[in-house]
**Student:** 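Handing you this structure, nothing more for now.
For clarity, every value in this text was computed on a predicted model and none was experimentally measured. Hydrogens, waters and symmetry mates play no part in the numbers below; they use all other heavy atoms, side chains included.
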Amino acid sequence: MTRRQAPLLTPPGTTGWKNFASDFTYDVLTRVASQTVKNATANSQLAKQQLDYFGSDDPARLRHWMGAAAYDFASGYDLLHELTRVSQASNRKYGGVGA
């Protein structure tokens, strides 16, 4: 299932409209599996995210691309499904979350 939204946005300090499109895909449990943000005028990809889940529960992995930069986050949870850690696969600087 794919849903498409194309709102018109004007960032502060600019003139004219910016036209972005955001495509979502969903898994069989109707959770967001991916999102792609495109410049609708030039049909170029601006950002993309993909999510993997622990069974039917919490997000296990988030992969995020913005231009040439790629980020790969893994998360951990306690028995109450509270976020206890976030780690990143690359050497980028990122502060994790603690319980």
Side-chain angles (χ1 to χ4, degrees):
M1 176 193 292
T2 300
R3 179 175 61 186
R4 184 172 176 90
Q5 300 176 5
L8 298 176
L9 305 172
T10 303
T14 63
T15 58
W17 290 97
K18 302 293 180 187
N19 193 0
F20 297 99
S22 186
D23 295 326
F24 291 85
T25 61
Y26 301 89
D27 66 10
V28 294
L29 298 176
T30 67
R31 300 173 298 193
V32 173
S34 70
Q35 176 189 16
T36 304
V37 179
K38 295 180 181 178
N39 178 335
T41 307
N43 197 29
S44 60
Q45 179 176 305
L46 301 173
K48 182 174 183 173
Q49 294 181 335
Q50 288 182 326
L51 289 143
D52 297 326
Y53 295 90
F54 290 113
S56 62
D57 289 329
D58 305 308
R61 184 177 182 195
L62 167 66
R63 287 167 288 182
H64 176 81
W65 296 269
M66 183 173 279
Y71 303 88
D72 190 352
F73 298 102
S75 52
Y77 300 86
D78 63 15
L79 294 175
L80 297 174
H81 303 276
E82 295 173 334
L83 184 64
T84 58
R85 75 172 170 80
V86 175
S87 60
Q88 189 173 1
S90 68
N91 291 328
R92 296 184 188 276
K93 294 185 180 191
Y94 176 78
V97 176

**Student:** Taking the side chain as every heavy atom from C-beta outward, state whether Val32 and Tyr26 have any pair of such atoms under 4.5 Å apart.
**Tutor:**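 Side-chain contact under 4.5 Å: yes.
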
**Student:** Check for me, please, whether Trp65 and Phe24 land in the same ILVMFWY cluster - side-chain distances under 4.5 Å, paths through other members count.
**Tutor:**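 Looking at the clustering, Phe24 is in a separate group from Trp65.
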
**Student:** Using 0.5 Å steps for rounding, measure from the CD atom of Gln49 to the CG atom of Leu62.
**Tutor:**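 The distance works out to 5.0 Å.
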
**Student:** Locate the shortest heavy-atom distance separating Gln35 from Ser22; write the atom from each residue and the value.
**Tutor:**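 That would be NE2-OG, 2.8 Å.
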
**Student:** Would you kindly confirm whether Met66 and Phe20 end up in one hydrophobic cluster when ILVMFWY residues are joined by side chain heavy atoms under 4.5 Å apart?
**Tutor:**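 In one cluster: no.
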
**Student:** Which pair of heavy atoms, one from Leu46 and one from Lys38, lies closest together, and at what distance?
**Tutor:**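 The pair with the smallest heavy-atom distance is CD1-C, 4.0 Å.
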
**Student:** Go through Leu83 and Ser75 one step at a time and tell me if the side-chain contact (heavy atoms from CB on, under 4.5 Å) criterion holds.
**Tutor:** CA-CA 7 Å; Leu83 184 64; Ser75 52; 3.7 Å; yes

**Student:** Ignoring hydrogens and angles, tell me if any N or O in the side chain of Thr25 forms a donor-acceptor pair with the backbone of Ser34 under 3.5 Å.
**Tutor:**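 At least one qualifying donor-acceptor pair exists.
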
**Student:** Gln45 pairs by side chain to side chain contact (heavy atoms under 4.5 Å, CB included) with which of Asn39, Thr36, Val37?
**Tutor:**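 Passing option: Thr36.
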
**Student:** When rounded to the nearest 0.5 angstrom, what is the spacing between OG1 in Thr41 and CG in Asn19?
**Tutor:**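 CG of Asn19 is found 4.5 Å from OG1 of Thr41.
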
**Student:** Would you confirm whether Tyr77, through its side chain, and Pro59, through its main-chain N or O, come within 3.5 Å as a donor-acceptor pair?
**Tutor:**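 Yes, because the side chain of Tyr77 sits within donor-acceptor range (under 3.5 Å) of the backbone of Pro59.
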
